[in-house]
Amino acid sequence: MIRELKAHHENRRESIRENHSDIYNDFEHIQSELTAIAAELDMLTDHHVTLDANFSKFGYSAQLRTLDVEEQAVSSSAASSFSDGSEAPKQAGMNIKFWKRPVVRQYFHKGLLWRSKASGEVASFELFIDLLYVGVIEAIGHTASEHATGSALLHYLITYAMSAKMWVDITNMTNWFETGDIMQRLSILFFLLCLLGFTVNIANAFDTTYTATVAFYLGARLLQGVYFAWVAIWVPTVRGPMTLQSISVFVISAVWIASIHVEYPARLGLMIPAVLCDLFGSMCIALIMRTFQKFNVSESRTRFSHFMKRLSTHFEFFPAFNIEHRVERNNTFIALVFGYSILAILYQNRYSVFASNAIFGKACLSLIQAFCFNWIYFEIDLLNMSVHAIRRHYASAWVWIFGHLPFIMGYTLSATAMSKIVLAHDVSHSDEGSLEKPYDEESPEYVATGLRWFYCGGLCVALIFSCIISLSHLYHVKEDARLTQSSRLIYRSGAAISILMLPLAPKERLESLALVGITCSIVISCLIVDLYGLSSKDKEYVPLYLERSLWSSLRKLFNGYMLIGALFSFWVGGFSQKEKQKIKYKAHCKLDEERKTQITENLEKGHKTTIEDILKKTSKSKPESETPHWTDHHNANTHLAA
């Protein structure tokens with residue numbers, strides 16, 4: 001019956017075609033056009049829905065295109081080199097491959113960014129790598145804080161830059177290419193072993209373990225170079241960029257090997273250029289590829305232009321960052337750095353110690369300071385962001401990427417110095433005997449000048465580069481905001497400079513508790529200014545009388561950081577013994593000549609005479625009306641000075 005119905009409608013269609021051929025042909029053409037338009041609308045709608053979350057979080061980009069599985073199936077060459085990044089539906093009995101062709105997740109081609117519709121996610125082994133990297137931070141920071149000198153700072157910068165390059169290498173490997181086979185997992189395991197070997201040799205990296213440190217570092221770097229060369233062989237579309245990356249790794253590795261055969265400090269002449277080339281080599285390669293792209297569209301007919309145009313055909317495709325994956329990896333790592341700053345200040349008490357203990361007070365202030373940094377970085381500086389730095393421009397992307405390196409280095413240096421400052425017992429109510437082993441042995445009698453510079457300088461660098469990172473983004477301008485972004489960042493920069501000036505104060509006048517209290521107050525003031533500046537003028541942020549009090553407090557805070565530090569000191573146990581010796585007591589009383597003579601004789605003989613003794617003697621020998629009257633009453637045990 002269904003077949004008969006089908007034949008009936010086909011006969012009617014043929015009859016209409018014979019009787020009204022012109023109308024039938026026009027109708028068929030319109031129907032085909034409508035079908036094509038409907039398909040385009042479905043594609044645009046799907047594109048909008050899948051990238052709407054990406055655009056709302058990182059900003060819109062007209063140069064962004066997405067890859068579909070159906071599109072890749074058309075071209076077998078593209079299907080073997082590029083991936084849509086979205087996970088295919090898992091089938092029953094799916095096997096794990098030992099090796100498969102590398103797959104580029106996203107890439108640039110003729111000014112357009114082709115990427116998958118799905119957002120990149122951080123894999124579990126990447127979190128495992130970040131946790132291991134916390135151990136690297138601890139080893140580097142502990143080595144620097146043991147001897148807070150200029151050479152220790154230089155060693156800290158070099159070793160931290162080397163470890164940062166290792167972290168960037170593994171990030172690029174997982175961001176650019178698919179990591180679904182066993183071979184790539186084994187290569188990541190080899191990288192982790194090299195990172196572990198690098199970590200255990202950091203303490204004497206510039207003395208007896210330099211060869212081992214460089215060997216493990218080069219093991220990870222050469223793994224990256226071999227992997228790029230392997231990708232260049234199996235993925236012809238990105239052969240040019242991967243070949244350049246591989247050559248740069250092998251050339252710089254030769255410089256590192258040469259530094260092993262040179263004695264210190266002459267080897268610094270090879271180490272510093274090698275570190276700089278490792279850090280900024282990828283940026284130089286990106287600029288070279290952009291130059292090739294310009295020659296590709298140039299219409300010049302010179303011999304050099306013709307050669308460059310032919311060479312540029314090998315650089316039409318080059319891998320790109322997945323913005324979601326890169327930002328999430330970066331945020332995870334920053335969160336771990338903030339967590340390390342809390343881990344560094346932990347200690348154990350030998351017996352019950354309450355809130356009046358100065359060491360516990362410094363630990364509390366350190367925790368508050370880290371919380372404020374976390375609040376400023378993850379919430380304040382990302383609020384109202386319209387276009388992320390990576391999507392804004394390639395220059396802002398490099399500022400965002402490289403700006404995080406000094407930000408992390410400065411904050412880590414400050415955290416390592418803080419771990420020593422917290423245990424210092426240079427103030428009252430900070431007995432090192434209350435600490436459990438080995439913290440009692442690590443408690444210094446005073447905070448060295450170099451350690452003060454490490455602490456304050458690290459905080460200053462972290463605040464300055466937080467401003468630079470914030471300026472790399474574009475934000476929605478709120479007309480009703482109380483303060484502009486520029487004014488808030490200017491205040492933050494001024495706060496950073498004021499922190500940097502604190503080590504200039506003498507150690508005797510600025511003890512550890514006052515130092516931590518002042519820096520914590522400055523960071524809190526930056527947070528208060530940001531919160532107040534982001535509030536609306538039209539809406540009542542705080543009652544008027546509180547608002548006036550707030551501004552008055554901020555002015556006093558800015559002009560009286562030393563006073564706040566003294567208040568923190570007094571809160572945990574009053575003044576120290578040195579401060580007590582500087583205090584002068586004055587008392588006015590009425591005594592007869594006999595009493596004055598007795599006091600003078602006792603002082604000349606060197607006898608100990610206290611106010612309490614004088615009061616007792618006077619109260620027994622004199623009636624109540626003649627008892628001495630004290631206008632300023634202090635401790636009765638206070639000694640009288642001649």
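Numbering starts at 1 and runs along the sequence shown. Please read all numbers here as calculations on a predicted model, not as lab measurements.
- Open room surrounds CZ on F128; 12 or fewer heavy atoms of other groups in view lie less than 6.0 Å from it.
- Taking every heavy atom of both residues into account, G533 and A481 meet most closely at O-CB, 3.6 Å.
- Taking CE of M162 as the start and CG of L157 as the end, the distance is 13.0 Å to the nearest 0.5 Å.
- Counting only heavy atoms from C-beta outward, the side chains of N331 and Y377 approach each other to under 4.5 Å.
- Atom CD in Q224 sits 7.5 Å away from atom NZ in K165 (nearest 0.5 Å).
- Here the side chain of Y156 pairs a donor or acceptor atom with the backbone of M409 at under 3.5 angstrom.
- Contact annotation: the side chain of R329 approaches that of T174 to within less than 4.5 Å [non-hydrogen atoms, C-beta and beyond].
- Listed here is the closest heavy atom pair of L423 and I359: O-CD1, 4.3 Å.
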Using a 3.5 Å cut-off and no angle test, enumerate the donor-acceptor pairs between side-chain atoms of residues 457-465 and protein atoms at least two apart in sequence or in another chain.
none

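- Shortest non-hydrogen contact noted between T143 and A139 is OG1-O, 2.8 Å.
- Inter-residue side-chain proximity for I368 and V523 is flagged as unmet; no heavy-atom pair is nearer than 4.5 Å.
- When all heavy atoms of A274 and I252 are compared, the pair lying nearest together is O-CG2, 3.8 Å.
- Residues M283 and F402 come closest through the heavy atom pair SD-CE1, 4.0 Å.
- Side-chain atoms of S386 come within 3.5 Å of backbone atoms of L474 as a donor-acceptor pair (strictly under, hydrogens ignored).
- The structure places OG of S487 at 13.0 Å from CZ of R482, a figure rounded to the nearest 0.5 Å.
- Judged as a salt bridge (charged side-chain N to carboxylate O under 4.0 Å, His left out), the pairs with a partner in residues 411-423 (not counting sequence neighbours) are, in order, E146-K420.
- Side-chain atoms of I401 and R326, non-hydrogen and from C-beta on, do get closer than 4.5 Å to each other.
- Checking side-chain atoms of Q245 against main-chain N and O of F228 turns up no donor-acceptor pair under 3.5 Å.
- Proximity of W375 to L531: side-chain heavy atoms (C-beta onward) are separated by under 4.5 Å at one or more points.
- I380 places a side-chain heavy atom less than 4.5 Å from the side chain of R488.
- Counted by atom type alone, T519 and Y455 present one or more donor-acceptor pairs between their side chains at under 3.5 Å.
- In terms of heavy-atom proximity, S466 sits nearest to D381 at O-OD2, 3.9 Å.
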Residue pair Y133, S163: steps toward the side-chain hydrogen bond (donor to acceptor under 3.5 Å, both in side chains) verdict
CA-CA 8 Å; Y133 203 83; S163 63; 2.9 Å; yes

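- Between the side chain of S414 and the backbone N or O of G410, no donor-acceptor pair lies under 3.5 Å.
- Between I499 atom CD1 and M501 atom CE the span is 11.0 Å, to the nearest 0.5 Å.
- Between R452 and L510, some side-chain heavy-atom pair lies under the 4.5 Å cut-off.
- Counting heavy atoms from C-beta outward, R492 and I376 have side chains that approach closer than 4.5 Å.
- Dense packing is recorded around CH2 of W398, with more than 12 heavy atoms of other residues, nucleotides or ligands lying under 6.0 Å away.
- Put simply, the side chain of K362 gets close to the backbone of I421: a donor and an acceptor are under 3.5 Å apart.
- Under the 3.5 Å distance criterion, with hydrogens and angles disregarded, no donor-acceptor pair is assigned to the side chains of S187 and Y227.
- Using cut-offs of 30° and 60° on the angle between ring planes, the pair F338 and Y411 is perpendicular.
- Between atom CG of residue D130 and atom CH2 of residue W167 there is a gap of 6.5 Å, rounded to the nearest 0.5 Å.
- Ring geometry for W400 against H404 counts as perpendicular: the plane angle is over 60°, on a 0 to 90° scale with 30° as the lower cut.
- Atoms CD1 and CD1, on I522 and I497 in that order, are 11.5 Å from each other to the nearest 0.5 Å.
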